[in-house]
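Working notes, structure below.
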Number of protein chains: 2
Amino acid sequence: MVGRIEKLAKIFKVLGDYNRLGIVMVISKASRTVTEIINATGMSQTLVSFHLRVLRKAEVVTTRREGPFIYYSLTNPSLMDILNDLSHIINTAGSEMEKILEK
Amino acid sequence: MVGRIEKLAKIFKVLGDYNRLGIVMVISKASRTVTEIINATGMSQTLVSFHLRVLRKAEVVTTRREGPFIYYSLTNPSLMDILNDLSHIINTAGSEMEKILEK
DNA sequence: ATATCATATGAGTAGTTACTCATATGTATC
DNA sequence: GATACATATGAGTAACTACTCATATGATAT
């Protein structure tokens, strides 16, 4: 059995990558095909597939096949609320975090 | 200037480590000295200091000196709310995430 | 000023991670 | 079946990260 903190750390590790977070943002409003993600992010096909595999393994995203296309979407859409919350406390004016993170 | 996603990714990267998350938990209720953190986590002095440096640099924690002791606390206590939220959606019964994260 | 306790730091290393390349698989169309 | 499009995968590599060791700094008391 895996503890709470360990689970949390794993999720954070998965989300702690610029490209992966970008993908999460792209599919947050609606599910998207891999090609759509490629176009939206500007990443290479292989790189997108690489990160999707990580996101899939961590069950952050789920897939649904439709003909030749595979649609990716967030397993739990409320993840976006949390991202917004965190983004908010980071960007709050006067926050100690702000200055350091600027560089 | 650093974008929103980049900032978020950095915070996630910092929190995406078991030991670091443990430290954050330990100081979440009240500020603690390094020695207290060492005892609470069972980590070595050097390892605790190593991780505290990372947390400090990312401004996740702040310090206050009191005589020979240095007290560490969360820069933004509402971070804990977010950790709890995330932990909740991860552990929600029936969540797709649950099974994978168990191993 | 020396000894002791509390904490930080620089350097080295083993393990991990992000990325790319080449290739494979799956689906649809001809 | 051959071709074209959509996506995944295995292997290799360079860069990064967590950790340890030895040592340094800072504060207090004697």
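Letters A, B, ... mirror the listed sequences (proteins, then strands); counts begin at 1.
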Mind checking A/Tyr72 for me? I need base, sugar-phosphate or nothing, with any heavy atom below 4.0 Å counting as a touch. sugar-phosphate
For atom CZ of A/Arg20 and atom P of C/dT17, their distance in whole Å: 9 Å
Is the shortest side-chain heavy-atom distance between A/Phe50 and A/Leu52 below 4.5 Å? no
How many Å lie between CD1 on A/Ile23 and P on D/dA8, as a whole number? 11 Å
With a 4.0 Å limit, can you tell me whether A/Arg53 has a side-chain N or O closer than that to the phosphate oxygens OP1/OP2 of D/dG10? yes
Within this structure, what is the CG-to-P distance between B/Leu55 and D/dA18, rounded to whole angstrom? 10 Å
Side-chain contact, heavy-atom cut-off 4.5 Å: A/Tyr72 with A/Val26? no
Within the 3.5 Å criterion, strictly below it, is a donor on B/Ser31 or B/Arg64 matched to an acceptor on the partner's side chain? yes
When rounded to whole Å, the CZ to C1' distance for the pair A/Phe69 and D/dA4 reads 12 Å
A/Thr35 side chain near D/dT7 phosphate (N/O to OP1/OP2, under 4.0 Å): yes
For B/Thr33 and A/Lys13, take the nucleotide of DNA chain C holding the closest heavy atom to each; which residue's nucleotide lies nearer the 5' end? B/Thr33
Any side-chain N or O of B/His51 less than 4.0 Å from the OP1 or OP2 oxygen of D/dC19? yes
Think A/Arg32 has a side-chain N or O under 4.0 angstrom from the OP1 or OP2 of D/dT7? no
Separation of D/dT28 atom C1' from B/Arg65 atom CZ, nearest Å, is 11 Å
Nearest-neighbour nucleotide for the A/Leu47 side chain, D/dC19, C/dC19, D/dT7 considered: C/dC19
D/dA6 P sits how many Å from A/Leu52 CG, rounded? 16 Å
Check this for me: B/Tyr71, atom OH, are more than 12 non-hydrogen atoms of other residues, nucleotides or ligands nearer than 6.0 Å? yes
Side-chain contact check for A/Thr46: nearest option of D/dA8, C/dC21, D/dT17 is C/dC21
Has B/Ser28 got a side-chain atom pairing as donor or acceptor with B/Met25's backbone, closer than 3.5 angstrom? yes
Separation of C/dT13 P from B/Phe50 CZ (nearest whole Å): 16 Å
Checking only heavy atoms, does the side chain of B/Gln45 share a donor-acceptor pair with the base of C/dA8 at less than 3.5 Å? yes
Need one value for B/Ser49: base, sugar-phosphate or nothing, where a base atom within 4.0 Å counts as base even if backbone is also close, heavy atoms only. base
Expressed in angstrom and rounded to an integer, what is the separation of B/Ile38 atom CD1 from C/dA8 atom C1'? 11 Å
